[in-house]
Amino acid sequence: MPTSKPRRSYWSYGYRRIVLLLVALVIVPSVLLSSVGVALLVLGDARANLMLGILVLSFTSAVITGVVLIWVFVRRDARLGELQADFVSKVSHELRTPLTSIRLYTETLSLRRGNEEIERRSIEALTKESKRLQDLIDRLLDWGRMESGRRVYEMAPVPLAALVQDAVGAFEPLREQRGFALEVELPDALPEVVWDRGAVQDAVVNLLSNAFKYGGEPPHIRVSARADDDEVRISVRDEGPGIEEAEHKRIFQKFYRIDDRLAREREGSGLGLAIVQHVVRAHDGHVELESAPGRGSTFTLVLPRVPPGAER
Ligand code: ADP
């Protein structure tokens, strides 16, 4: 029986943690300290001076904690503002590029009607650019749903081998067109898993398309999957230029693209890996990256066979 599993955004989890910290570290100690202070005033005990010293120290540390937390709040707000502005400018730029091409090819078509070769080339380009636009919009909508916590994951039993084969199959037209090496290594006895099939399949396709874009010229891609009693590991390996250690975390941030020649030449929104990570976390898994300059990259999705909360 498929189960629906709505997920909340990670931002709201972080927000709740800060509020809890604020209550535990600032409000509770302040109330306790004020009560002790009042008691001391009333009793006027001989050890009052020592107690008062402790009181002042504790009070000071509570205030410092409060100030640090407020600073974290303010920084987060400012960062969110920056990200939103960045988001708007990157998205507008990404949308404008295919739109400009579509406009130019439409003009060419209307001006050079009757020239078969130009008509064919323009129609090909229009198909490609409108698909690019569609992919980008789909990806943005998907991301929007994930960020707002409205993305619903339909967990249902699925044969692992079929899921990986389908992801590779979705990538096959591109492989045939460009003719590069794509090896698939799947052991015979892969188990059934309880996942959102479409979401995990898209995540694997995302990794494949990155391996194609950044994995060397011509790319040599290897996909493999293995499973033990609890866990499944799906790896996509390329022999491209690799990724520096300092970038390993950052490339999973939304809209982040390494500022190198490859990323500038290749189309992309910087959302692919952020989406992969979201999907994997929604399945209580994680992504591992093994990569170093000149040594290719291996991205591995590590997922429990049955995520907690998903029923068979
Ligand atoms: P996009 O591909 O749309 O730019 P991603 O989030 O999928 O966005 O990837 C972020 C960045 O990580 C890419 O722009 C690229 O610089 C880097 N990257 C991703 N996959 C690879 C890879 N297999 N090899 C080298 N760099 C990669």
Side-chain angles (χ1 to χ4, degrees), residues 10 83 86-98 128-129 131-147 151 167-168 170-171 174-175 178 180-184 199-224 233-282 286-302:
Y10 290 94
L83 279 176
D86 212 30
F87 173 88
V88 173
S89 82
K90 282 187 176 162
V91 167
S92 322
H93 177 77
E94 289 293 329
L95 290 174
R96 202 163 31 187
T97 316
K128 186 173 149 238
E129 293 301 326
K131 165 138 189 354
R132 186 170 152 194
L133 203 55
Q134 170 93 52
D135 287 349
L136 185 63
I137 290 170
D138 286 349
R139 189 161 273 208
L140 284 171
L141 289 175
D142 219 20
W143 178 253
R145 279 193 291 270
M146 287 175 179
E147 280 277 270
R151 173 72 159 91
V168 173
F171 197 66
L174 186 66
R175 198 197 65 76
R178 306 288 174 89
F180 53 87
L182 175 60
E183 288 170 32
V184 185
V200 179
Q201 204 170 297
D202 283 351
V204 178
V205 173
N206 251 315
L207 295 183
L208 284 169
S209 105
N210 278 354
F212 166 69
K213 286 195 285 187
Y214 311 112
E217 215 42 81
H220 187 141
I221 307 174
R222 264 187 226 112
V223 187
S224 61
R233 301 175 69 85
I234 304 175
S235 299
V236 176
R237 163 154 185 74
D238 66 62
E239 290 172 7
I243 303 164
E244 276 182 32
E245 176 90 39
E247 303 282 5
H248 283 200
K249 262 200 170 152
R250 286 198 283 249
I251 55 171
F252 289 93
Q253 290 171 6
K254 55 188 169 191
F255 302 115
Y256 187 82
R257 307 192 77 202
I258 300 173
D259 188 21
D260 62 9
R261 188 185 56 82
L262 261 182
R264 274 195 300 274
E265 279 172 5
R266 306 287 192 266
E267 290 167 13
S269 56
L271 275 179
L273 289 176
I275 291 177
V276 168
Q277 188 154 56
H278 201 287
V279 168
V280 167
R281 283 185 176 166
H286 63 275
V287 188
E288 287 174 6
L289 169 59
E290 240 186 278
S291 182
R295 299 185 37 208
S297 308
T298 307
F299 286 83
T300 304
L301 308 182
V302 185

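In listed order, ligands and their atoms are each counted from 1. Here, residue 1 is the first one in the sequence, and each next residue gets the next number.
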Please state which protein non-hydrogen atom is closest to [atom] and give its distance, to 0.1 Å?
| atom | result |
| --- | --- |
| atom 12 (O) of ligand 1 | Ile251 CG2, 3.3 Å |
| atom 23 (N) of ligand 1 | Asp238 OD2, 2.8 Å |
| atom 7 (O) of ligand 1 | Asn210 ND2, 2.8 Å |
| atom 24 (N) of ligand 1 | Tyr214 CB, 3.5 Å |
| atom 4 (O) of ligand 1 | Arg257 NE, 2.5 Å |

- request: Indicate, as side chain, backbone, both or neither, the part of Ile243 found under 4.0 angstrom from ligand 1 when only non-hydrogen atoms are considered.
  value: side chain
task: Indicate, as side chain, backbone, both or neither, the part of Asn206 found under 4.0 angstrom from ligand 1 when only non-hydrogen atoms are considered.
output: neither
Which ligand 1 atoms does [X] reach within 4.0 Å, using its non-hydrogen atoms?
| X | value |
| --- | --- |
| Tyr256 | 10 (C), 11 (C) |
| Gly272 | 5 (P), 6 (O), 7 (O), 8 (O) |
| Lys213 | 1 (P), 2 (O), 3 (O) |
| Ser297 | 24 (N) |
| Leu273 | 5 (P), 6 (O), 7 (O), 9 (O), 19 (C) |
| Gly270 | 1 (P), 3 (O), 4 (O), 6 (O), 8 (O) |

query: Going by distance alone, is a donor N or O of one side chain under 3.5 Å from an acceptor N or O of the other, for Glu183 and His220?
result: yes
Kindly indicate whether the side chain of [X], heavy atoms from C-beta on, has any atom under 4.5 Å from the side chain of [Y].
| X | Y | value |
| --- | --- | --- |
| Arg178 | Phe212 | yes |
| Phe171 | Ser209 | yes |
| His248 | Ile243 | yes |

- prompt: Does the pair Glu239 and Arg222 meet the rule for a salt bridge (charged side-chain N to carboxylate O under 4.0 Å, His left out), with working shown?
  reply: CA-CA 9 Å; Glu239 290 172 7; Arg222 264 187 226 112; 3.2 Å; yes
task: Examine Gly242 against ligand 1 and note whether any of their N/O atoms are separated by less than 3.5 Å.
output: no
